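Read the structure below first, then the notes.
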Amino acid sequence: MRASHMRLLDEWRADVVDGQNRQYVAYNGKVYDKSLTRTCLGCHGSRQEFCDRCHSYNGVAAPNCWECHNAPPAVRNTP
Amino acid sequence: MKITRKLFLQLSGLSLIAVIARKLVRAPANVAASEAATKSTRWGMAIDLQKCRQKDVCGRCIKACHAAHNVPQITDRAHEIKWVWKQPFEDVFPFAQTQYTRDVFAGAPVLLLCNHCDDPPCQDVCPVGATWRRDDGVVMMDFHRCIGCRYCMAACPYGSRSFNWQDPRPALSQVNSDFPTRTKGVVEKCNFCEERLARKLSPLCVEACEEKALVFGDLEQPDSAIRKTLGSRFALRRKPELGSGPSVYYLT
Amino acid sequence: MLMSDKALVGGRGYWLWIACLLSITLAGVFCYLRQLHYGLVITGLSRDVTWGLYIAQFTFFVGIAASAVTVVLPYYLHDCKQFVRLTILGELLAISAVVVSVLFIIVDLGQPSRILNIVLHPQPQSVMFWDLIALSGYFLINTAIASGTVTAAREHVPPPTWIRTLALISIPWAISIHTVTAFLFSGLPGRAYWLTAILAPRFLASAFASGPALLILVCILIRKLTDFDVEDEALHKLAVIVTYATAANVFFILAEVFTAFYSEIPDHEAGFEYLFVGMDGDYHLAPWMWLSFLLPLIGLTLLLVPRWRTTSRLLVIACLCIFVSIWLDKGLGLIIGGFVPSPLGAIPRYTPTLSEWNIVLGIWAFGALLTTAFFKTAFSIWEER
């Protein structure tokens, strides 16, 4: 995931924007919404914990996702 | 092996041909897939001008849309952003009434939004494909891809599009976290609530109207509510002579 | 190949000029950084007038770039030997003009960091796609020709034969860049002021008037301020081209006015009415538009009389009149007339802000900087012989 997450985000974005499908069916049959705010960060807590921790440390300029997408404010417990 | 100029040019040429060939081979597959996936749907909206003016100053539809889609409230009219709004009948249909015709709609508010045209000029001009007509009739916008050239705004015959001249977030009193905001430098417009259409819900403006003045549906289905409505009363469209094929009808 | 060493040698006056241009350019860059930070809100643009000075300047300078054909065609197709130096100068001016045009597009973008999307997701149905291909190609062609010719002159050998082939290609290519720029506007169904078949011919005529006029003015300026010279004979022949082009441009404008006002179709009259008379109390553009109409008449009068056309002072006045008038018409009026009245009948007032002017001046200064460096190189090499 660390290596390919941008590819996942690109593909999910294309799927949602082109109106093909907004749902991702996992290997175990669980259905997820293709949403950065609700799905990715819905489980994985805040962007500080999940995204900035690596991007800031490595100095990798992240694409400016959060200029538009809403980052959940609270830090939740990750499973 | 020494790379001579000749060899370099040959390799570059072959690589270029390979890339183009790959794109060309993939393209028909994509078209076939999308054609197979869609049925013939054409979303449209009919706005009942009689019902709409029942309430004196009503903006429920506008409030519902703008709140849910995080449309900023910018007081400076030059830089305002609006997905749906009202203007007097004379502004929208300047030649529809004369001093000799029955003065029915003088000053009446007309709801304006993106017309989700059948042949949208905005789609033709976008240099990056950030706006396009989906197979179901919704004219989409990809805010990720938009470079903010505003060519689509010049092309739109209806003035339906707005541009983020500045960062919109300071002008948002409340953020609906279920829908992204946009950022400065991109164009935006009504999206026919496509995120709700995907969940088989109707657009927010349609739901918010207490008078049920907005009828939304599939223009390709003869038994849909909108087709029945359009079949029973005379309806106008904005600037139909331009050939853009707007999908928003105004019932008189 | 760059031969920049020629541009880095000069007297005090030369360096003073360069310093001036650099400071104006830097002021523009600073303003642009402000625009990147705050967004295009710092301009005078609005929801109804979404294009203004930037795109108007882009249009104007594509015209200047295309005008190189007025010297290339006579020289290569009709053996007009007087244009031997003007051809190079015209091509060099075209290179700066193309760079300036593209810079104006870039500063107009809301998300310039995404500009590569045009390459990654090409849209052949968009005229803008073809405009950028045409401009890039023209830039490459002219750079190849200019650098090849100037290098040959430096080595004291005749220019290679492929120069002629490229120059011949550049002739229809120059026509195409400005035609496609006109097509950006003249295919939009909702903008009646632009929806006219004569827009492309008008663009070409005004380009062929303003471009050579600029070239004449720059050459006379160089003659006055430096030791370099361009022969009178070449300049006078170029002035004849300006005369014909200006006459054609005035005729095209009058033809447009006839169609709009004889047909009395409100949408077609509206753009002209707003620009020349004003609407709803907003007539701030009217004096400038009338100036843009009267100046070419003065210029034409001066140019039509051979004795006046060949008098340096009068030639300068004529060229200034024509250049300024076309700048007002194409670099200002054209864009605003398309947006006002708006699709819903509003009369929005567009006034460029100081920041906008700052950025515009910065890009102009950068173009002048490029042109200075190019011309200095060319003249230095010629005078070496």
Side-chain angles (χ1 to χ4, degrees), chain B residues 23 74 76-82 85 87-88 90-92 94-95 110 112 119 121-132 142-168 183-187 238-239 241-244, chain C residues 35-52 55 105-106 108-132 184-185 187-192 194-195 266-267 335 338-339 341-346 348-350:
Chain B
K23 272 203 167 357
I74 294 172
D76 179 4
R77 278 211 60 201
H79 302 127
E80 67 180 344
I81 299 183
K82 45 197 186 186
W85 74 104
Q87 277 197 238
E90 302 80 60
D91 289 350
V92 185
F95 306 109
V110 177
L112 298 165
D119 193 359
C122 58
Q123 170 189 264
D124 292 338
V125 302
C126 179
V128 294
T131 192
W132 70 99
D142 185 354
F143 304 119
H144 307 94
R145 209 188 273 189
C146 176
I147 61 174
C149 71
R150 310 185 298 292
Y151 199 1
C152 57
M153 293 177 77
C156 177
Y158 307 108
S160 303
R161 292 168 161 268
S162 312
F163 181 69
N164 282 280
W165 300 98
Q166 61 214 331
D167 182 12
T183 183
K184 69 175 185 290
V186 298
V187 175
R238 291 179 64 193
K239 307 195 194 186
E241 69 277 6
L242 295 181
S244 44
Chain C
Q35 186 181 283
L36 280 177
H37 179 75
Y38 289 110
L40 280 144
V41 65
I42 67 166
T43 66
L45 298 167
S46 62
R47 190 179 184 278
D48 285 324
V49 185
T50 49
W51 281 346
I55 295 293
I105 294 264
I106 293 177
D108 185 65
L109 294 179
Q111 284 279 340
S113 61
R114 298 181 185 175
I115 194 172
L116 282 181
N117 277 344
I118 299 183
V119 180
L120 291 169
H121 306 283
Q123 307 292 314
Q125 78 279 4
S126 169
V127 183
M128 207 176 261
F129 168 74
W130 294 105
D131 203 340
L132 290 167
L184 281 177
F185 303 102
L188 301 179
R191 306 281 173 193
W194 296 338
L195 193 70
D267 273 348
I335 298 295
F339 286 105
S342 78
L344 286 157
R349 189 188 172 102
Y350 168 67

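Since this is a predicted model, take the numbers as computed values, not measurements. In the text below, chain A, chain B and the rest are named by the order of the sequence lines, each starting its count at 1.
Heavy atoms of Cys149(B) lying under 4.5 Å from chain C belong to its backbone as well as its side chain. When heavy atoms are compared at a cutoff of 4.5 Å, Asp48(C) does not approach chain B at all. Using a 4.5 Å cut-off between heavy atoms, Arg47(C) touches chain B through backbone and side chain atoms alike. Neither the backbone nor the side chain of Leu116(C) comes within less than 4.5 Å of any heavy atom of chain B. Of the two parts of Ser244(B), neither the backbone nor the side chain holds a non-hydrogen atom closer than 4.5 Å to a non-hydrogen atom of chain C. Within the 4.5 angstrom heavy-atom criterion, only side-chain atoms of Pro266(C), from C-beta onward, approach chain B. Interface remark: Thr50(C) contributes backbone and side-chain atoms alike to the contact with chain B (heavy atom separation under 4.5 Å). Using a 4.5 Å cut-off between heavy atoms, Gln87(B) touches chain C through its side chain atoms alone. Contact annotation for Pro127(B): both backbone and side-chain heavy atoms come within less than 4.5 Å of a heavy atom of chain C. Residue Tyr158(B) touches chain C through its backbone alone, counting heavy-atom pairs closer than 4.5 Å. For a residue to count as touching a neighbouring chain, one of its non-hydrogen atoms must lie under 4.5 Å from one of that chain's; by this rule Phe339(C) touches chain B with the side chain only. With a 4.5 angstrom heavy-atom cutoff, Leu195(C) does not touch chain B via any of its atoms. Of the two parts of Leu132(C), neither the backbone nor the side chain holds a non-hydrogen atom closer than 4.5 Å to a non-hydrogen atom of chain B. In this structure, chain B has a heavy atom under 4.5 Å from the side chain of Leu188(C), while its backbone stays farther away. Within the 4.5 angstrom heavy-atom criterion, only backbone atoms of Arg161(B) (N, CA, C, O) approach chain C.
Between Gln35(C) atom CD and Leu109(C) atom CG the span is 9.5 Å, to the nearest 0.5 Å. Remark: Asp91(B) CG to Leu112(B) CG distance equals 8.5 Å, nearest 0.5 Å. Taking CD1 of Ile147(B) as the reference point, atom CD1 of Ile118(C) lies at 4.0 Å (rounded to 0.5 Å). Here CG of Asn164(B) is found 7.5 Å from OG1 of Thr183(B). Values are rounded to the nearest 0.5 Å. To the nearest 0.5 angstrom, Gln125(C) atom CD is 8.0 Å from Cys126(B) atom SG. With rounding to the nearest 0.5 angstrom, the SG atom of Cys156(B) is 8.0 Å from the CZ atom of Arg191(C).
Chain C forms more heavy-atom pairs under 4.5 Å with one residue of Arg145(B), Gln123(B), Glu90(B) than with any other, namely Arg145(B). Most heavy-atom pairs under 4.5 Å with chain B, from the set Pro348(C), Pro112(C), Gly39(C): that is Gly39(C). With respect to chain C, the highest number of heavy-atom pairs below 4.5 Å among Pro121(B), Pro94(B), Gly159(B) belongs to Gly159(B). Across Lys239(B), Arg238(B), His144(B), the residue that shares the most heavy-atom pairs under 4.5 angstrom with chain C is His144(B).
Considering only heavy atoms from C-beta on, Val128(B) stays 4.5 Å or farther from Leu120(C) through its side chain.
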- Output, in order, the C-alpha distance, side-chain angles, deciding distance and verdict of side chain to side chain contact (heavy atoms under 4.5 Å, CB included) for Trp194(C) and Leu184(C). CA-CA 9 Å; Trp194(C) 296 338; Leu184(C) 281 177; over 6 Å; no
- Task: Begin from the C-alpha positions of Asp124(B) and Val127(C) and carry the test side chain to side chain contact (heavy atoms under 4.5 Å, CB included) through to its verdict.
- Result: CA-CA 8 Å; Asp124(B) 292 338; Val127(C) 183; over 6 Å; no
- Message: Quick one, Phe185(C) with Ile55(C), criterion side chain to side chain contact (heavy atoms under 4.5 Å, CB included). Give me CA distance, side-chain angles, the key distance, then yes/no.
- Response: CA-CA 11 Å; Phe185(C) 303 102; Ile55(C) 295 293; 4.2 Å; yes
- Applying side chain to side chain contact (heavy atoms under 4.5 Å, CB included), run through Leu40(C) and Arg150(B) and close with a yes or a no. CA-CA 11 Å; Leu40(C) 280 144; Arg150(B) 310 185 298 292; 3.6 Å; yes
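Heavy atoms from other residues, nucleotides or ligands lying under 6.0 Å from CH2 of Trp130(C) number 12 at most.
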